[in-house]
Amino acid sequence: MTEPRISNNRIPEKTMEMVTAEHPLREMWRTYKRNKSAILGLWLFSLVVFVTFIAPYLYQVDPFAMAGMPSIPPGQDGFFLGTDYLGRDVLADIIHGGKTTLAVGAAAALTTMVLGTVIGSLSGYYGGRVDNLLMRVTEFFQVMPALLFAMVIVALFSASLYTIALAIGLASWPGVARLVRGEFLRIKNEEFVLAARSIGTGVQYLIWRVILPNALPTLLVSVTLNIGSAILFEAGLSYLGLGDPEKMSWGLMISNNREYIFDCWWAIALPGFAIFITVLAVSLIGDGLTDAFNPKLREM
């Protein structure tokens, strides 16, 4: 009998690729890390979150309390960032105001995502008369000046954080709806969708469980960028006197001190710089997510 020979053939390359394939999340993180600007944005946003959500427990000063003499420059009389025109601690105002600003931005972005996703998905999937009707509604909201529309909503109702977030969301959803509609028009004719439809899959399941998950990468990037836009929106409304006067925010700080810019410029410049850093960080994170969700870049 001849002894069996051990084959020295190499494992096929496809088999090796299947064995060594990375988890999708790890692969996305590896692609994200290659974008140095995105890493910088992540660090900056982490710093903003720490300052606004952790620092209040370490620096327990009432943002509305008169802590010292008015218009004390930064670094004097024990005030690290000085005081505003009423003698309120600017550092306490920035710490506590950041929580309000981020909360409004996140809530407005969530409202934008929900409205835009629902209308865009129904329009893109059904097409025809449904698409025509929903797109006319979208165009109606899109042609209105967003800031003016939000101002009218806040002026008609109470200037609370919920009203401001809702007003920003109602003024910002048309862009997301058009984006989702375009993704649905592209994905609904893919083979896996046609296969699911051929076996009798329900319409609701097709929309929310089959097509929408494949459109999420583009949607998440858009929503990330909408957070930065919502923060700027909230600052603009507060600057115009339409913010919630009972909640300290960066926009409210700028609005309260704008008439005293020559006496205590730091009370305007520092919250403005905080808004700039936050919006920049969110934008850089959005750019990194764009790269991470791009399959061509993940293969590099």
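Keep in mind that this is a model prediction, so the values were computed, not measured. Only this structure's heavy atoms are used, side chains among them; waters, hydrogens and symmetry mates stay out.
- Using a 4.5 Å cut-off between side-chain heavy atoms of Ile, Leu, Val, Met, Phe, Trp and Tyr, with links allowed through other members, Val193 and Leu219 fall into the same hydrophobic cluster.
- Figure legend: Arg88 and Phe64 shown without cation-pi pairing, the cationic atom not lying both under 6.0 angstrom from the six-membered ring centre and within 45 degrees of its axis.
- By the 30° and 60° cut-offs, the orientation of the rings of Tyr32 relative to Trp29 is parallel.
- The heavy-atom pair separating Ala109 from Ile227 by the smallest distance is CB-CG1, 3.5 Å.
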How far apart are the C-alpha atoms of Ser37 and Leu40, what are their side-chain angles, what is the distance that settles it, and do they pass the side chain to side chain contact (heavy atoms under 4.5 Å, CB included) test?
CA-CA 5 Å; Ser37 299; Leu40 174 62; 5.5 Å; no
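- Residues meeting the side chain to side chain contact (heavy atoms under 4.5 Å, CB included) test with Thr218, sequence neighbours left out: Leu179, Glu183.
- Taken from CZ in Phe184 to CD1 in Ile211, the straight-line distance is 5.0 Å, to the nearest 0.5 Å.
- Within a 6.0 Å sphere centred on NZ of Lys188, heavy atoms belonging to other residues, nucleotides or ligands number more than 12.
- Looking at Leu134 and Leu122, their side chains come closer than 4.5 Å, going by heavy atoms from C-beta outward.
- In terms of modelled atom types and a separation under 3.5 Å, the side chain of Ser238 and the main chain of Glu234 share a donor-acceptor contact.
- Ser283 OG to Leu44 CG: the interatomic distance, rounded to the nearest 0.5 Å, is 11.5 Å.
- Atom OH of Tyr162 sits in a sparse spot, with 12 or fewer heavy atoms from other residues, nucleotides or ligands closer than 6.0 Å.
- Applying the side-chain contact (heavy atoms from CB on, under 4.5 Å) test between Ile231 and each of Ile168, Val104, Asn226, Val279 identifies Val279 as the sole match.
- Atom OH of Tyr85 is surrounded by more than 12 heavy atoms from other residues, nucleotides or ligands within 6.0 Å.
- For Pro271 against Ile94, the heavy-atom pair with the smallest separation is N-CD1, 4.2 Å.
- Glu139 is linked by a salt bridge (Lys or Arg N to Asp or Glu O under 4.0 Å) to Arg136, Arg178, counting only residues two or more places apart in sequence or in another chain.
- Between Ile277 and Val48 the shortest side-chain heavy-atom distance falls below 4.5 Å.
- Shown here for Gly82 and Asp89, the closest heavy-atom pair between the two residues is O-OD1, 3.7 Å.
- Under the 4.5 Å side-chain heavy-atom criterion for ILVMFWY residues, a single connected hydrophobic cluster contains both Trp173 and Ile207.
- For CD1 of Ile261, the number of neighbouring non-hydrogen atoms (other residues, nucleotides, ligands) closer than 6.0 Å is 12 at most.
- Between Leu212 and Asn214, every side-chain heavy-atom pair lies at or beyond the 4.5 Å cut-off.
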Under the criterion side chain to side chain contact (heavy atoms under 4.5 Å, CB included), I'd like the reasoning laid out for Thr100 against Trp250: C-alpha separation, chi angles, the key distance, then a yes or no.
CA-CA 8 Å; Thr100 302; Trp250 293 337; over 6 Å; no
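- With a 6.0 Å radius and a threshold of 12 heavy atoms from other residues, nucleotides or ligands, Arg197 has its CZ atom above the threshold.
- Side chains of Glu27 and Thr31: no donor on one and acceptor on the other come within 3.5 Å.
- Classification of the Phe149-Phe141 ring pair by plane angle, with boundaries at 30° and 60°, yields perpendicular.
- No donor-acceptor distance shorter than 3.5 angstrom exists from the side chain of Ser172 to the backbone of Gly169, with no hydrogens or angles considered.
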Would Asn257 and Cys264 count as a side chain to side chain contact (heavy atoms under 4.5 Å, CB included) here? Give the steps.
CA-CA 8 Å; Asn257 294 278; Cys264 53; 4.0 Å; yes
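- Residues Gly286 and Val221 come closest through the heavy atom pair O-CG1, 3.8 Å.
- Taking all atoms of both residues into account, the shortest heavy-atom contact from Ser222 to Val176 is OG-CG2, 3.9 Å.
- A donor-acceptor contact closer than 3.5 angstrom is absent between the side chains of Tyr125 and Asp131.
- Taking hydrophobic clusters as Ile, Leu, Val, Met, Phe, Trp and Tyr residues chained together by side-chain heavy-atom distances below 4.5 Å, Leu42 shares a cluster with Phe45.
- For CZ of Phe273, the number of neighbouring non-hydrogen atoms (other residues, nucleotides, ligands) closer than 6.0 Å is 12 at most.
- When side chains are defined from C-beta on, Phe233 does not count as touching Ile164, because their heavy atoms never get closer than 4.5 Å.
- Without hydrogens or angle criteria, Arg258 side chain to Tyr239 main chain gives a donor-acceptor distance under 3.5 Å.
- Around atom CE of Met69, no more than 12 heavy atoms belonging to other residues, nucleotides or ligands sit under 6.0 Å away.
- The hydrophobic clustering, which links ILVMFWY residues whose side-chain heavy atoms are closer than 4.5 Å, places Phe79 and Met253 apart.
- Rounded to the nearest 0.5 Å, atoms OG1 (Thr101) and CG (Leu161) are 9.5 Å apart.
- Within 6.0 Å of the CZ atom in Phe276, the count of heavy atoms belonging to other residues, nucleotides or ligands does not exceed 12.
- In this structure, Leu170 is not a member of the same hydrophobic cluster as Leu232, with clusters built from ILVMFWY side-chain heavy atoms closer than 4.5 Å.
- The list of ring-ring contact (aromatic ring centres under 6.0 Å, His included) pairs with a residue in residues 203-232, not counting sequence neighbours, is empty.
- Distance check, rounded to the nearest 0.5 Å: CG of Leu147 to CG of Leu237 gives 6.0 Å.
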Decide yes or no on side chain to side chain contact (heavy atoms under 4.5 Å, CB included) for Leu102 and Thr278, but give the supporting numbers first.
CA-CA 9 Å; Leu102 290 180; Thr278 305; 3.8 Å; yes
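- Pairing each heavy atom of Lys33 with each of Lys36, the nearest pair is O-NZ, 4.2 Å.
- Without hydrogens or angle criteria, Gln60 side chain to Tyr57 main chain gives a donor-acceptor distance under 3.5 Å.
- Considering only heavy atoms from C-beta on, Lys247 stays 4.5 Å or farther from His96 through its side chain.
- Taken from CG in Leu115 to OG1 in Thr117, the straight-line distance is 9.0 Å, to the nearest 0.5 Å.
- In this structure, the separation between CD1 on Ile54 and CG on Leu47 is 12.0 Å, given to the nearest 0.5 Å.
- In this structure, Thr112 and Val223 have side chains that are not in contact, with every pair of non-hydrogen atoms separated by 4.5 Å or more.
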